[in-house]
Amino acid sequence: MKEVKIVSKRFDIEGINHIKKAIEHGAYSTIHKMFDKDPKTIVDEIDKSGLRGKGGGGAPTGAKWKLMLQDFKLPKVLVINCDENEPGTFKDRQIISKDPHLLIEGIILTSYAIGANDVYIYIRGEYHQWQNILQKACDEAYLQGYLGKNILGSKYRVDITICKGAGAYICGEKSALLESLEGKRGHPRLKPHQKEPEWYFGRPTLVNNVETIATVPFIVENGADAYKEYGTSKSPGSMLFAMSGHINNPGVYEAEFGTSMMEYIEYYGGGIKGGNLKGVIPGGASTPILNATEVAKAKLDYESIKELGSSLGTGGMIVMNDSVNMVEALKNLLEFYHHESCGQCTPCREGTAWVDEIVESMLRYSASYNSIEQLLQIGQTMNGKTICVFAPAVSGVIDGFVKKFRSEFEEYLRGVCNE
Amino acid sequence: MSFEFTKEELEYIEELSQRYPSPKALMLPLLWIIQNRLKHIPTEAFKAVADITKTSEAQVYGVVTFYTMFTLKPTAKYHIQLCKTLSCNLCGSKELLNLLKERFNLLPNQQNGDFQLTLVECLGSCGTAPVVQINNRLYENLTPAKLQKILEDFS
Amino acid sequence: MSSKMVEFTVNGKKLLAFEGLNLLKYLLDNGYNIPHYCYHDSLGADGNCRMCMVEIKGKKRPQIACDTLIKEGLEVNTNTPTIKRLREEILQMQLRNHPVDCPVCDKAGECYLQNYYMDYGLYKEGKHKKQKIKKSKNIEFGRNVVYDEERCILCKRCVRFFANITKTNELGVIKRANHSTISTAPNQKLQSQYAMNIVDLCPVGALLSSDFKFKQRVWFLQSSPSICHGCTKNCNITIDYSSTKFQAERIYRYKARRNEDVNGYFICDEGRLSYKEYHTNRVTQIEYKNSIIDFKEAISKIGIEIFIHKDIVILASPNLYIEELESIIKWSKKLNARLYSPLECYKDKEFADNWLKEELRVANAYGVMALEIDTSTPDISSDTLLINFDHKLAQDINTLHRIDFITHSINSQGLILPLASWVQSSRHLINSSGIKQYAPKTLVANKPILTVTEWIEAIGGDI
């Protein structure tokens, strides 16, 4: 097992949250050299590195940044997505609590590269403790002259504002996040007809995940090629993968893309707790579940997981042993989706409630004989017919559970009259 | 009952408003100020929020009811938020719920003396499941015994 | 939208349209029946109802037409089996918690949900959920609007009306997921003078007018296009009336009618409710000094009055049509009478706003000005004969020698002759922007009432 320390290089250092300690260990070193560079070269370097967004979608970061390089009438904005709501995902929190200055360094580099002066970090409302750590780190960075009007005596300004969410999963979707940041209900927006940046109060905006931004300092310092040394050709670099559920050592550990999932689980997780492996949800609750045979084949990169009909998502794995009742597990997730649907599009608003209800009636042994078909059918209606990808994700979750563990679902229909 | 922001709050809001391109963006920050002070957001406060953010009271109402952390009714002194999503569920949140039900006579969405229980969706601490957030503090790697100790220390 | 014309196909038929035009707008304007709820011409696309899905060549999945722009070579299919099934599935979702209480719903007959169910639904029994979520009904929103949460499909047209059109944001979506509903702020009512437009906008039975509620089933109503006579804006309306056999005709409501040059899609509430004036206080019989006389007697009385008076003043209402005013002008010349149509008394500063409500609360004031009729107030001496064609000022003039052709009763001791109301007559009006519009005759009273032109003809004037 090859250990990688790109984002997590300073995680284990005591007191790293204090800027002095962080600087001792190399934080902000790229900022001192930053002004010698043309912002465009930073964008090109990121593009060359093949860095992919770590928030779940895995879209190329460079392409997103390049959209910001045109001339706009209004000032540009950088928004950091720290609305980490995806069940099974807790990596952004680790970055903030274990090395907040890495994130701030990444923010300064990114905003310089794209030419944004105003940065908003949207952090989920439940993260009270981590919000305080982040705020403290920002305050220190202001005092040290890394943030504010004249960064290190230059004419360049970067201001970070930390904005607190208030408990809405959908605000992790970038356009819903921007709606929320504009003080509205977090309803995702219709997708634009051509490639363009996001918009915050009419200002061109780049939205990036915390981990993506935290990777930027490494690439700027060591170059794209150094980053590409890790990972696979299509998924270069590394990612903070996480494990939770039935695992001996749950937590967040960095690994390069392409690592075998089973090896990762054994090496860092110390194996399955309390039984044999039954399934793994690979990248946060919204990715279709993998059964034990698929897990044995799975590699932790976007392409390999996609081949298995799921997706790498946020890399937050939920591991389940063979004591788990899959119908109950699906019910647990459907309750989550039912609760978190923003209620905008008909298929999602009604569909999430409907599937939740069907699985509930299964668990009460009162479902109708065609419930399984009905579940899959409703899933199909929800797939690809809504503004955002929330409903399609639910559809994938249902498909995964029902198709891979069908016999368990049928168990609940036994004895139901066939008419 | 009427609601007004205090002088200190207004000064802070003024400072905050410099950071955003539009007063509309102050919506969530203002609601947090109210919620932190009163432990809920009274409907009487909608007007004050609408006035500063240049929105309408109906819009404020829509926002308050959209986000689960905002509440229209006052919460108890100790607001126990038990995570019930998958990872915590796999690691024993049900046992914690049973403890709260049986030992502390707490049912979801109900208040009992100084305590109030809400079942919440993922708190983003799956690696240290099961977790409970009491007011603003997160308690991780819980067992029924640990939770019992924590609650008994409160009362 | 560019000014470039592009060729595209719909269901295999080649068509031309401007590049960048909204596909759904094009399809609806050109007679294609595409189910939709949230899209409205005045509000644009919101993309939430997902009903207007069509298949587009090259796209893996069906797309919503309201968020598709027309471009060269676009190939659209609106009626494939996939699309039909999709509409059925989405309808099924909308109906899941809908109470299906059409028999007691006022929107029945003009409800999109009902119409589409007849087109695409018709599921077998058992497909509907047995236990439906109960929500509140009959919530008073204020300004004659009542809301039924159970029937609402959350298309947000009403919310967007107050957000984009009036900019007052009086309604909002509250709560989340399938608990979402529409609401005003707590303990508040709607304030907008245009609030009742959301009843027109609502595609289902969620928003109803408490004024029309339970009055008449819509399939008993007949509709006629017309022009509102509430002010000089001349908003286009539809008059819904019933003409059941053996019953007097009755107007039940006015609805806004689209005319982008005049009122757009909306009308004010006051104009909407002004239909009530048609029925109240109408003059139906010829009277002289408070006793009923017959037609012949009336005609001879008019002849005598005209003969014995040298000084005649004619007051013509600025509510009359252009052609009617022209007849009056001709007749006044023949009689050598002084013709006036004072406008001052129709002014209402408080009524006016900067949208659809205008200060002069009379329909054809600009027609009067165009015909160069004197709009000052006439001097009337004790020898003057006053011939009044429904002018508001006449009720304040105290004179014994008077002939009143009126629609609504006033306090007069002279000769009173019933006049057809504007809905019982037809011709042209000119509005404040100089737009000349035609208002067709809508109602025929059971007992016919003469119009201005017919009266003048009967008296023997040239028309």
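Chain letters run A, B, ... following the sequence lines, proteins first, then strands; residues in each count from 1.
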Bottom line for A:Phe336: the part with an atom under 4.5 Å from chain B's heavy atoms is both
Which atoms of A:Arg185 approach chain B - backbone, side chain, both or neither, heavy atom under 4.5 Å: both
Portion of B:Thr53 that has a non-hydrogen atom of chain A nearer than 4.5 angstrom: neither
Please state whether the side chain, the backbone, both or neither of A:Thr89 comes within less than 4.5 Å of a heavy atom of chain B. backbone
Okay, A:Tyr200 and chain B: the region with an atom under 4.5 Å from a heavy atom over there is side chain
Side chains of A:Glu335 and A:Glu360 in contact at under 4.5 Å (non-hydrogen atoms): no
Please look at A:Leu178 and chain B and tell me whether the side chain, the backbone, both or neither of the residue comes under 4.5 angstrom of a heavy atom of that chain. neither
Would you compute the distance between atom OG1 of B:Thr85 and atom CG of B:Leu123 and round it to the nearest 0.5 angstrom? 7.5 Å
Select, from A:Met243, A:Arg203, A:Met320, the one with the greatest count of heavy-atom pairs under 4.5 Å involving chain B. A:Arg203
Top contributor to chain A contacts, counting heavy-atom pairs under 4.5 Å, from B:Leu28, B:Asn89, B:Leu86: B:Leu86
Ranked by heavy-atom pairs below 4.5 Å to chain B, first place among A:Cys171, A:Pro75, A:Ala285, A:Gly165 goes to A:Gly165
Chain B contact via A:Ile247 - side chain, backbone, both or neither, heavy atoms under 4.5 Å: neither
Does any backbone or side-chain atom of A:Cys342 lie under 4.5 Å from a heavy atom of chain B? Answer side chain, backbone, both or neither. both
When the 4.5 angstrom heavy-atom criterion is applied to A:Val252 and chain B, the contacting part is neither
In terms of heavy-atom pairs under 4.5 Å, which option from B:Thr65, B:Thr68, B:Asn136 contacts chain A the most? B:Asn136
Under a 4.5 Å heavy-atom cut-off, does chain A meet the side chain of B:Pro21, its backbone, both or neither? both
Can you confirm whether B:Leu99 sits close enough to B:Gln148 that some side-chain heavy atom of one is under 4.5 Å from a side-chain heavy atom of the other? yes
Could A:Glu254 and A:Lys98 be called an ion pair, given the rule that one side-chain N must be under 4.0 Å from one carboxylate O? no
Select, from B:Cys91, B:Gly62, B:Pro23, the one with the greatest count of heavy-atom pairs under 4.5 Å involving chain A. B:Gly62
Do A:Ile318 and A:Ser244 make a side-chain contact, defined as non-hydrogen atoms from C-beta onward lying under 4.5 Å apart? yes
Among A:Ala168, A:Ser180, A:Gly186, residue most engaged with chain B (heavy-atom pairs, under 4.5 Å): A:Gly186
Atom group of A:Lys164 that falls short of 4.5 Å from chain B, counting heavy atoms: both
A:Glu182 and B:Ser22 side chains, donor-acceptor separation under 3.5 Å: no
Between A:Asp118 and A:Arg157, does at least one N-O distance fall below 4.0 Å, as a salt bridge requires? yes
Under 4.5 Å from any heavy atom of chain A - which part of B:Gln133: side chain
Would you mind checking which part of A:Ser323 comes under 4.5 Å of any heavy atom in chain B, side chain (CB onward), backbone (N, CA, C, O), both or neither? neither
Using a strict 4.0 Å threshold on nitrogen-to-oxygen distance, state whether A:Glu84 and A:Arg124 make a salt bridge. no
With the side chain counted from C-beta on, respond yes when A:Ile281 and A:Thr287 share a heavy-atom pair under 4.5 Å apart, and no when they do not. yes
Look up atom OH in A:Tyr253 and atom CD in A:Gln94, then write down how far apart they are to the nearest 0.5 Å. 9.5 Å
Do A:Glu340 and A:Ile170 have side-chain heavy atoms sitting under 4.5 Å apart? no
Would you mind checking if B:Glu152 and B:Arg103 are paired as a salt bridge, meaning a charged N to carboxylate O distance below 4.0 Å? yes
I'd like to know if A:Glu328 pairs up with B:Lys94 as an ion pair, taking the criterion as any Lys NZ or Arg NE/NH1/NH2 lying under 4.0 Å from an Asp or Glu carboxylate oxygen. yes
Among A:Gly316, A:Gly251, A:Gly274, A:Gly88, single out the residue with the greatest number of heavy-atom pairs under 4.5 Å to chain B. A:Gly88
Honestly, the part of A:Leu333 sitting under 4.5 Å from a heavy atom of chain B is side chain
